[in-house]
Undergrad: 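Attaching a single structure in structure tokens format; questions to follow.
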Amino acid sequence: MKGSETARDHGSGEPLWRHFTMAGIIAALLIPFVLFFSPIRLIEARLYDLLSVIAPPSPAQPGAVLVAIDEPSIGEIGQRWPWSREIHAKLVESLRAAGAKVIAFDIVFADPSTEEADTAFAKALGPDVVLAADDVTTMLNQGVQVTRVNPLDFFLDANASAGLASVHLDGDAYLRRMPEMRDSFAGEALRLAGEPRPAAPEGALIQYLGPAYTYPRASYYQALDPANFLPPGFFQDRIVLVGLSLKQATSADIGTPDAFPTPYTVTEGTLTPGVEVQANILDNLRHGLYVLPVPPSLMVLLIVAGAFMAAVLSIKGVTWRTGLAAFFVLAFFIVGAWALLRFGRFWAPPALPAAAALAVFGARFGLDYARERHLRRTVSEAFSRYLSPDLVAQLARDPGALKLGGERRNLSILFCDVRGFTTLSEKLKDEPERLTTLINRLLDPLSEAVLAEGGTIDKYIGDCVMAFWNAPLPSPDHPLKAARAAMRMLEAVKVLNAELQQEMGENAPRFAIGVGINTGDCVVGNVGSRWRYDYSVLGDTVNLASRLESLSKEYGVSIVLGPATAKALQEHFVMIELDRIAVKGRSEKSAIFTIVAPAEQRQQDPALAQLTELHPTLLDTIGAGKRVEALALVQQCQTLSPSLSNYYKKLMGKAAAIPE
């Protein structure tokens with residue numbers, strides 16, 4: 001037994017191997033997404049956008065200063081773009097005079113302009129200048145052709161260097177990838193500054209230091225005259241990147257503005273100028289800030305870890321704590337991915353590991369929900385024959401309220417038997433169908449009376465109904481409900497007799513019932529064999545209730561109550577003691593009672609009040625053997641309560657038998 005317990009999920013009864021197999025299957029289904037499902041890359045990229053902008057690293061000093069070809073500069077210079085290269089020559093001389101260490105133009109000078117302008121620009125160039133080159137990709141039928149577009153040889157012969165400024169966009173047109181070539185634009189600028197750096201590994205991601213306009217910048221026209229427009233030393237010993245920084249194209253010659261969506265576009269809603277992207281790439285190379293995606297093998301392990309972590313946390317089934325566990329696992333992977341990105345410079349996308357965990361939680365919830373539905377359906381089917389629909393619905397909502405297998409409870413037991421059924425059976429022995437119809441018409445309202453008061457129908461024993469209260473669901477006022485059910489039964493019999501009288505005339509059978517109710521401790525639960533069992537009750541309380549029902553005929557009353565039941569009902573009904581009978585297991589006799597009327601009629605009917613005063617005296621007189629006094633009291637009580645005439649006739653005979 002102990003071994004079987006450890007092999008099972010204690011929350012649901014499901015074998016643990018099946019629980020963890022489910023987690024393994026979910027992980028196996030998600031692993032191919034790492035290698036073969038490209039759309040997941042876009043989801044992971046968007047997560048990178050969101051996490052990489054949280055507390056980005058901040059070098060002590062930005063690696064470059066920007067000179068922006070912006071709208072104010074176009075207005076100040078008074079020329080349409082592209083400007084004369086003589087202006088660029090003046091910029092080089094101005095920046096060099098201001099102490100710039102490296103001057104890098106994020107502009108491709110691949111086509112000649114005027115001879116005078118090109119000559120002036122070439123004279124200004126030198127070993128401290130980087131000019132942008134570009135790779136142009138052309139799709140051909142035979143494949144993909146990549147063409148390198150370099151600056152004019154005339155400029156390169158002037159000792160200027162060429163750096164490849166090409167960038168590669170992701171599938172959603174966002175710019176996240178580091179250039180992989182060694183002669184990149186930013187790499188050449190670092191080399192000329194005396195800080196050569198190796199190219200970033202394949203697949204490395206750019207860590208942006210901030211949104212657009214994070215880097216120190218000056219408008220182009222200001223850089224032409226820094227002494228008048230800029231603070232002293234603004235360009236001193238700095239790498240200066242020159243490039244377009246336009247909000248929109250100002251002429252057809254410019255084409256589209258040199259600006260790209262970056263991770264900060266998601267949060268800031270702005271594009272980053274290409275020259276500022278190059279500044280970010282430069283700092284990524286200088287400080288090793290670029291981020292490396294983890295290998296697929298590690299992602300596979302993370303997916304498996306996510307699935308089995310969720311399996312462990314949901315091993316006892318899904319509760320409100322499972323929701324907290326799911327939140328914890330989700331937060332663990334997201335915060336862990338951010339921490340690894342920030343402090344380890346590795347990118348482990350949390351999408352698939354979190355999806356594996358949530359899928360396990362979801363599958364666990366689905367299985368538990370299906371099991372719960374099955375349990376509710378089983379409970380409903382098992383008890384719909386015995387309980388009222390309201391109680392069945394309550395048990396279905398809370399099956400934990402049902403304790404199968406037997407438990408000790410204080411219950412109220414009711415037995416109801418049809419008077420004269422044997423005689424009726426003999427009379428209709430040649431018409432069994434009619435007999436069955438009649439008894440079903442009687443049992444139906446009797447059963448309805450039990451269910452209306454929240455009782456549980458235990459069984460039908462021929463023409464007898466057995467029911468009980470306070471199980472399987474608690475009912476604190478169960479004696480009162482049992483008594484009310486008995487009153488409903490009596491009223492239902494009157495209605496049925498009236499219906500039969502109207503239908504069948506003088507030949508109609510007239511039903512009468514006797515009810516016994518007793519309250520006490522019983523054992524309630526599934527009783528039977530492994531092949532067939534019923535939800536029933538056992539104990540002396542049940543036996544006494546059955547005996548009380550049989551005594552109802554002997555005493556000529558419709559309802560007989562045990563002592564515990566009568567005590568619980570004394571505030572609700574007017575009752576009289578019928579007699580004292582011997583009870584199994586007790587040396588003293590116990591009083592039995594019957595209901596005369598609801599308690600509120602005591603004040604409305606003086607005869608009831610008088611009856612409750614005289615009746616105990618009558619019983620004492622009979623017990624004392626006072627024949628004359630007893631006979632007088634019997635007649636008086638019979639007059640006060642005609643409904644108990646049969647009972648007082650029996651007392652009359654008992655009093656008359658007293659010796660004179």
Side-chain angles (χ1 to χ4, degrees), residues 409-417 449-450 453-455 466-471 475-491 513-522 537 539-603 605 607-620 622-623 637 640-641 643-644 646-648 650-651:
R409 278 198 185 184
N410 186 266
L411 305 179
S412 289
I413 313 296
L414 179 149
F415 279 85
C416 174
D417 191 40
V450 171
E453 292 296 336
M466 175 184 172
F468 54 86
W469 279 259
N470 203 34
S475 178
D477 54 350
H478 53 91
L480 177 59
K481 289 187 175 181
R484 286 175 176 170
M487 302 296 284
R488 285 176 179 265
M489 287 178 166
L490 295 176
E491 186 62 30
I513 59 172
V515 178
I517 303 175
N518 191 34
T519 300
D521 289 343
C522 304
V537 291
D540 289 337
T541 301
V542 181
N543 299 332
L544 180 55
S546 177
R547 183 183 173 192
L548 294 177
E549 179 274 317
S550 63
L551 288 175
S552 67
K553 183 177 181 181
E554 179 180 335
Y555 285 92
V557 295
S558 297
I559 301 174
V560 179
L561 307 177
T565 308
K567 183 178 180 180
L569 299 179
Q570 57 189 359
E571 295 182 0
H572 303 280
F573 295 98
V574 176
M575 295 175 292
I576 62 169
E577 180 182 327
L578 297 175
D579 200 355
R580 292 180 180 269
I581 63 171
V583 178
K584 182 180 179 181
R586 294 185 184 179
S587 57
E588 295 182 1
K589 293 184 176 182
S590 296
I592 59 174
F593 300 81
T594 190
I595 295 174
V596 180
E600 56 268 19
Q601 290 187 17
R602 188 195 305 267
Q603 297 177 351
D605 188 352
L608 285 177
Q610 189 176 0
L611 176 68
T612 55
E613 293 177 2
L614 292 178
H615 184 78
T617 305
L618 168 61
L619 295 182
D620 292 340
I622 293 176
C637 289
L640 292 173
S641 181
S643 62
L644 295 174
N646 290 334
Y647 167 66
Y648 283 115
K650 292 181 180 294
L651 284 187

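Below, all heavy atoms of this structure are taken into account, side chains as well, without hydrogens, waters or symmetry copies.
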Undergrad: So do Leu644 and Val557 actually touch side chain to side chain, heavy atoms under 4.5 Å?
TA: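 A side-chain contact under 4.5 Å exists here.
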Undergrad: Roughly how far, to the nearest 0.5 Å, is the CG atom of Leu411 from the OG1 atom of Thr541?
TA: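 These two atoms lie 8.0 Å from each other.
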Undergrad: Would you indicate whether the side-chain heavy atoms of Val542 and Cys522 approach each other to under 4.5 Å?
TA: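 Result yes, sub-4.5 Å side-chain heavy-atom pair found.
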Undergrad: Mind checking what makes side chain to side chain contact (heavy atoms under 4.5 Å, CB included) contact with Gln601, not counting sequence neighbours?
TA: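 Applying side chain to side chain contact (heavy atoms under 4.5 Å, CB included) to Gln601 gives Ala597, Pro598, Gln604, Leu608.
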Undergrad: Kindly give the heavy-atom pair with the smallest separation between Ser552 and Val515, and that separation in Å.
TA: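 Heavy atoms only, the tightest pair is OG-N, 4.1 Å.
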Undergrad: Any chance you could measure Met487, atom CE, to Glu453, atom CD, to the nearest 0.5 Å?
TA: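 Between atom CE of Met487 and atom CD of Glu453 there are 11.0 Å.
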Undergrad: Please say which of Ile592, Leu651, Leu548, Thr594 ends up in a side chain to side chain contact (heavy atoms under 4.5 Å, CB included) with Tyr555.
TA: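 Answer after filtering Ile592, Leu651, Leu548, Thr594: Ile592.
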Undergrad: Between Arg409 and Val537, does a side-chain contact (heavy atoms from CB on, under 4.5 Å) hold up when you go through it step by step?
TA: CA-CA 10 Å; Arg409 278 198 185 184; Val537 291; over 6 Å; no
Undergrad: Got a sec, which residues hit side chain to side chain contact (heavy atoms under 4.5 Å, CB included) with Ser550, two or more places apart in sequence or on another chain?
TA: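 Here the qualifying residues are Arg547.
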Undergrad: Locate the shortest heavy-atom distance separating Ala609 from Thr612; write the atom from each residue and the value.
TA: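 The answer is O-OG1, 2.7 Å.
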Undergrad: Quick one: CZ on Arg484 to CG on Leu569, what's the gap to the nearest 0.5 Å?
TA: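 Going from the CZ atom of Arg484 to the CG atom of Leu569 covers 9.5 Å.
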Undergrad: Considering all heavy atoms of both residues, which atom of Gly556 and which atom of Asn646 are nearest to each other, and what is their separation?
TA: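 Gly556 and Asn646 have their closest heavy atoms at O-CB, 3.6 Å.
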Undergrad: Among residues at least two apart in sequence or on other chains, which ones pass side chain to side chain contact (heavy atoms under 4.5 Å, CB included) with Thr617?
TA: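 Per chain and number, Thr617 pairs via side chain to side chain contact (heavy atoms under 4.5 Å, CB included) with Thr621, Leu633.
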Undergrad: For the OG atom of Ser641 and the CG atom of Asp605, what is their distance to the nearest 0.5 Å?
TA: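 Those atoms lie 9.0 Å apart.
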Undergrad: So which atom in Ser546 and which in Phe415 form the shortest heavy-atom distance, rounded to 0.1 Å?
TA: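 Between these two residues, the closest heavy atoms are N-CD1, 3.5 Å.
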Undergrad: Kindly give the heavy-atom pair with the smallest separation between Asn518 and Gly562, and that separation in Å.
TA: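 Where Asn518 meets Gly562 most closely, the heavy atoms are OD1-CA, 3.7 Å.
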Undergrad: When rounded to the nearest 0.5 angstrom, what distance separates CG in Leu414 from CE in Met466?
TA: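 Leu414 CG to Met466 CE: 9.5 Å, rounded to 0.5 Å.
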Undergrad: Please collect all side chain to side chain donor-acceptor pair (under 3.5 Å) contacts where either partner lies in residues 556-572, sequence neighbours excluded, each pair once.
TA: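 Non-adjacent pairs meeting side chain to side chain donor-acceptor pair (under 3.5 Å): Thr519-Thr565.
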Undergrad: Should Val450 and Met489 be marked as a side-chain contact (heavy atoms from CB on, under 4.5 Å) after you check the CA-CA gap, both sets of side-chain angles, and the distance that decides it?
TA: CA-CA 8 Å; Val450 171; Met489 287 178 166; 3.4 Å; yes
Undergrad: Run the side chain to side chain contact (heavy atoms under 4.5 Å, CB included) test against Ala591 and tell me which residues pass, sequence neighbours left out.
TA: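 Listed in chain order: Glu577, Arg580, Phe593.
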Undergrad: Kindly write out the residues that satisfy ring pair (Phe, Tyr, Trp, His ring centres under 6.0 Å) with Tyr648, not counting sequence neighbours, or none if the list is empty.
TA: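 With neighbours one apart ignored, the set is His615.
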Undergrad: Is there a side-chain contact between Val596 and Met575 (heavy atoms, below 4.5 Å)?
TA: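 In short, these two side chains do not touch, never coming nearer than 4.5 Å.
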Undergrad: List the steps, then state whether side-chain contact (heavy atoms from CB on, under 4.5 Å) holds for Ile513 with Asp417.
TA: CA-CA 6 Å; Ile513 59 172; Asp417 191 40; over 6 Å; no
Undergrad: In sequence, state the C-alpha distance, the side-chain angles, and the governing distance for Asp579 and Lys589, and then conclude on side-chain contact (heavy atoms from CB on, under 4.5 Å).
TA: CA-CA 9 Å; Asp579 200 355; Lys589 293 184 176 182; over 6 Å; no
Undergrad: Of all the heavy-atom pairs spanning Ile517 and Ala486, show the shortest one and how long it is.
TA: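 For Ile517 versus Ala486, the nearest heavy atoms are CD1-CB, 3.9 Å.
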Undergrad: Return the CG to CZ distance between Leu480 and Phe573, rounded to the nearest 0.5 Å.
TA: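 The CG atom of Leu480 sits 6.0 Å away from the CZ atom of Phe573.
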